[in-house]
Amino acid sequence: MSKSTYDADGITLEQVREYVWEIPQEGDMRAPARVLASEALLDEIKEDKTLEQIKNTTHLPGITNYAICMPDGHQGYGFPVGGVGALDAENGCISPGAVGYDINCGVRMMRTNLTYDELQGHEEELVDSLFANVPSGLGGGGIVEAGVDTVDEVLERGVEWAVENGHGVEGDLLHCEDEGHREEADASKISQKAKDRGKNQIGSLGSGNHFLEVQRVTDVFDEKVGEAYGLEEDQIVVLIHCGSRGLGHQTCNDYLRKIEQQHQGLLNQLPDKELAAAPAGSQLADDYYKAMNAAINFAWVNRQLIMHRTRQVFERVFDRPWEEMEMDLLYDVAHNIAKKETHEVDGEQRELFVHRKGATRAFPAGHPEVPKAYRDVGQPVIIPGSMGAGNYVLRGGENSMDLTFGSTAHGAGRLMSRTQAKDEFWGGDVQQQLEEQDQIYVKAQSGATVAEEAPGVYKDVDEVVRVSDALGIGDKVARTFPVCNIKG
DNA sequence: ATGTTC
């Protein structure tokens with residue numbers, strides 16, 4: 001019996017096993033590419049340049065095992081969103097396009113002990129107060145408007161800076177990936193222009209798909225893990241999705257231009273200029289890594305300030321201290337990062353720059369980098385769906401280290417461009433429908449943003465999560481549904 | 001994603 005194949009207009013994928021497809025190595029590819037998806041998801045993934053892009057990434061020097069496209073993959077700048085590339089940290093390279101423009105775009109979930117019953121009737125007051133108190137939209141205006149010295153501290157110290165300056169508590173550090181601080185950060189590697197863009201954006205949501213959402217837990221699929229995560233049905237939680245704003249964007253741009261200029265030889269070997277990479281050990285690889293780590297710290301501070309401000313808003317709306325409402329950080333996960341990690345490859349321990357772009361770290365139970373509180377069950381993984389579909393909490397699955405360098409998907413993944421979305425939807429209509437049909441209260445700076453983020457522009461998050469769960473890379477723990485949503 | 005076309 002011949003192997004099952006999937007023909008995607010010029011690219012043929014061979015099925016390795018259920019939900020695992022391979023683009024075999026050929027020509028100048030340095031490894032195969034793998035796509036983790038159902039056929040239903042492949043039907044959507046093949047519609048843009050995702051497959052060509054994941055194939056292109058296998059040309060990067062040092063690519064280890066295979067390049068991986070997650071079930072929510074879609075076209076990105078050079079490297080697909082939903083892509084994982086582990087590049088040898090000694091003989092490989094590091095690629096800003098494989099991290100993404102929005103460095104450490106990510107999500108954090110905060111628990112409360114409120115129930116949906118207690119919140120009902122307060123939705124409009126809450127959404128208005130959140131919208132008034134959490135800066136959003138394009139341009140400047142943050143919770144903190146910083147001077148140069150403060151920006152440098154934020155860049156080098158991450159969430160430690162926030163906690164020391166009254167924007168959180170010690171416990172917040174423990175429930176953040178890397179405890180909210182990348183040691184290798186060096187603020188001097190971030191340009192003045194990037195700092196200028198970021199200094200008045202510390203504590204701001206931004207625009208696009210970024211949001212703050214109050215949600216209710218509708219399902220707990222795994223009681224044991226749910227208990228470890230402090231989640232139960234009807235509980236209110238808050239999900240914050242944002243990144244490093246103009247600072248991260250400028251940093252990505254700065255280094256792409258430098259790398260294009262200084263590493264033309266490597267660039268010429270790559271099928272797409274947008275994959276520009278700095279060879280491991282070069283000055284620029286070192287500088288970019290330090291700058292990226294600083295931008296990662298900036299994004300964590302951004303989410304920390306927004307979370308702490310949200311506590312204060314809840315205090316006013318529900319008239320009691322946030323501690324009494326047990327508003328603790330469940331976890332903060334990065335969606336756009338690279339990190340030097342040690343992984344077992346062919347029985348050998350190897351140092352790799354694991355690039356996760358639109359992909360989530362998903363370390364399994366027992367991994368030393370999983371916070372103590374969750375070590376026995378695995379790292380929390382938070383997957384936002386669209387604002388009408390709901391969201392998932394997963395836990396790092398036991399197969400993630402073998403299959404995906406400890407990673408899984410990051411969201412639903414777009415189905416259409418922002419331009420197309422605005423042709424098909426009208427923000428006001430979307431807003432009205434969500435409120436009338438699903439009692440979801442949305443407030444945004446711009447109607448265009450609501451249209452761009454309409455539920456219909458996203459893939460089916462249930463299907464993405466089903467594949468992650470079936471592969472054992474990220475297992476279903478709980479599902480949440482929106483109550484209030486604010487965005488840019 | 002993004003001082004939304006360096």
Side-chain angles (χ1 to χ4, degrees), chain A residues 48 50 53 72-83 95-107 135-142 145-146 151 190-202 204-212 240-261 273-274 276 291-292 295-296 298-300 302-303 306 333-338 355-360 384 386-387 410-423 427 444-453 457-458 487-488:
Chain A
D48 60 21
T50 313
Q53 288 189 331
D72 55 337
H74 62 95
Q75 184 178 334
Y77 177 89
F79 199 96
V81 177
S95 172
V99 171
Y101 267 92
D102 190 4
I103 298 167
N104 192 8
C105 175
V107 288
S136 64
L138 282 167
E145 312 243 329
V151 176
I190 299 270
S191 69
Q192 193 53 51
K193 192 175 177 185
K195 290 177 190 175
D196 283 339
R197 286 181 69 174
K199 69 184 178 194
N200 62 351
Q201 298 183 324
I202 306 173
S204 67
L205 279 174
S207 185
N209 63 354
H210 291 163
F211 62 80
L212 182 155
I240 294 161
H241 178 198
C242 60
S244 50
R245 302 293 326 275
L247 182 139
H249 192 271
Q250 186 65 45
T251 300
C252 179
N253 205 49
D254 288 342
Y255 281 93
L256 279 170
R257 298 294 90 81
K258 285 188 196 182
I259 289 169
E260 283 165 9
Q261 282 175 6
K273 187 181 156 210
E274 295 181 353
M292 179 200 63
I296 286 173
F298 184 92
W300 273 324
N302 193 20
R303 292 198 284 278
I306 292 169
V333 281
H335 284 166
N336 276 12
I337 51 101
H355 297 66
R356 297 187 182 93
K357 178 185 184 180
T360 311
S386 72
M387 59 183 159
H410 85 306
R414 293 192 80 84
L415 273 175
M416 64 180 82
S417 69
R418 297 182 176 280
T419 315
Q420 196 187 339
K422 279 180 284 196
D423 282 345
Q445 299 284 355
S446 148
T449 307
V450 179
E452 289 171 2
E453 297 299 316
V457 315
Y458 281 94
K487 59 206 310 98

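What you see is a predicted model; the values in this text were computed from it and never measured. Each chain gets a letter, A, B and so on, in the order its sequence line appears, and its residues count up from 1.
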How would you label the contact of [X] with the nucleic acid (heavy atoms, under 4.0 Å): base, sugar-phosphate, or nothing?
X: Gly243(A); answer: nothing
X: Glu452(A); answer: nothing
X: Arg418(A); answer: sugar-phosphate

Under a 3.5 Å distance rule, please check whether Asn104(A) uses its side chain to pair with a backbone N or O of Ile337(A) as donor and acceptor. no

Heavy-atom donor-acceptor pair, Ser244(A) side chain to Leu247(A) backbone, under 3.5 Å: no

What is the distance, rounded to the nearest whole Å, between atom [atom1] of [X] and atom [atom2] of [N]?
X: Asn104(A); N: dT2(B); atom1: CG; atom2: P; answer: 13 Å
X: Gln201(A); N: dT4(B); atom1: CD; atom2: C1'; answer: 13 Å
X: Tyr101(A); N: dT4(B); atom1: OH; atom2: P; answer: 13 Å
X: Glu274(A); N: dC6(B); atom1: CD; atom2: P; answer: 16 Å
X: His249(A); N: dT4(B); atom1: NE2; atom2: P; answer: 9 Å
X: Leu205(A); N: dT4(B); atom1: CG; atom2: P; answer: 19 Å

What's the shortest heavy-atom distance between Gly243(A) and Asp102(A), and which atoms? CA-OD1, 3.4 Å

Which heavy atom in His241(A) sits nearest to a heavy atom in Cys105(A), and how many Å separate them? NE2-SG, 3.4 Å

Measuring to OP1 and OP2 of dT2(B), would you say a side-chain N or O of Arg245(A) lies under 4.0 angstrom away? yes

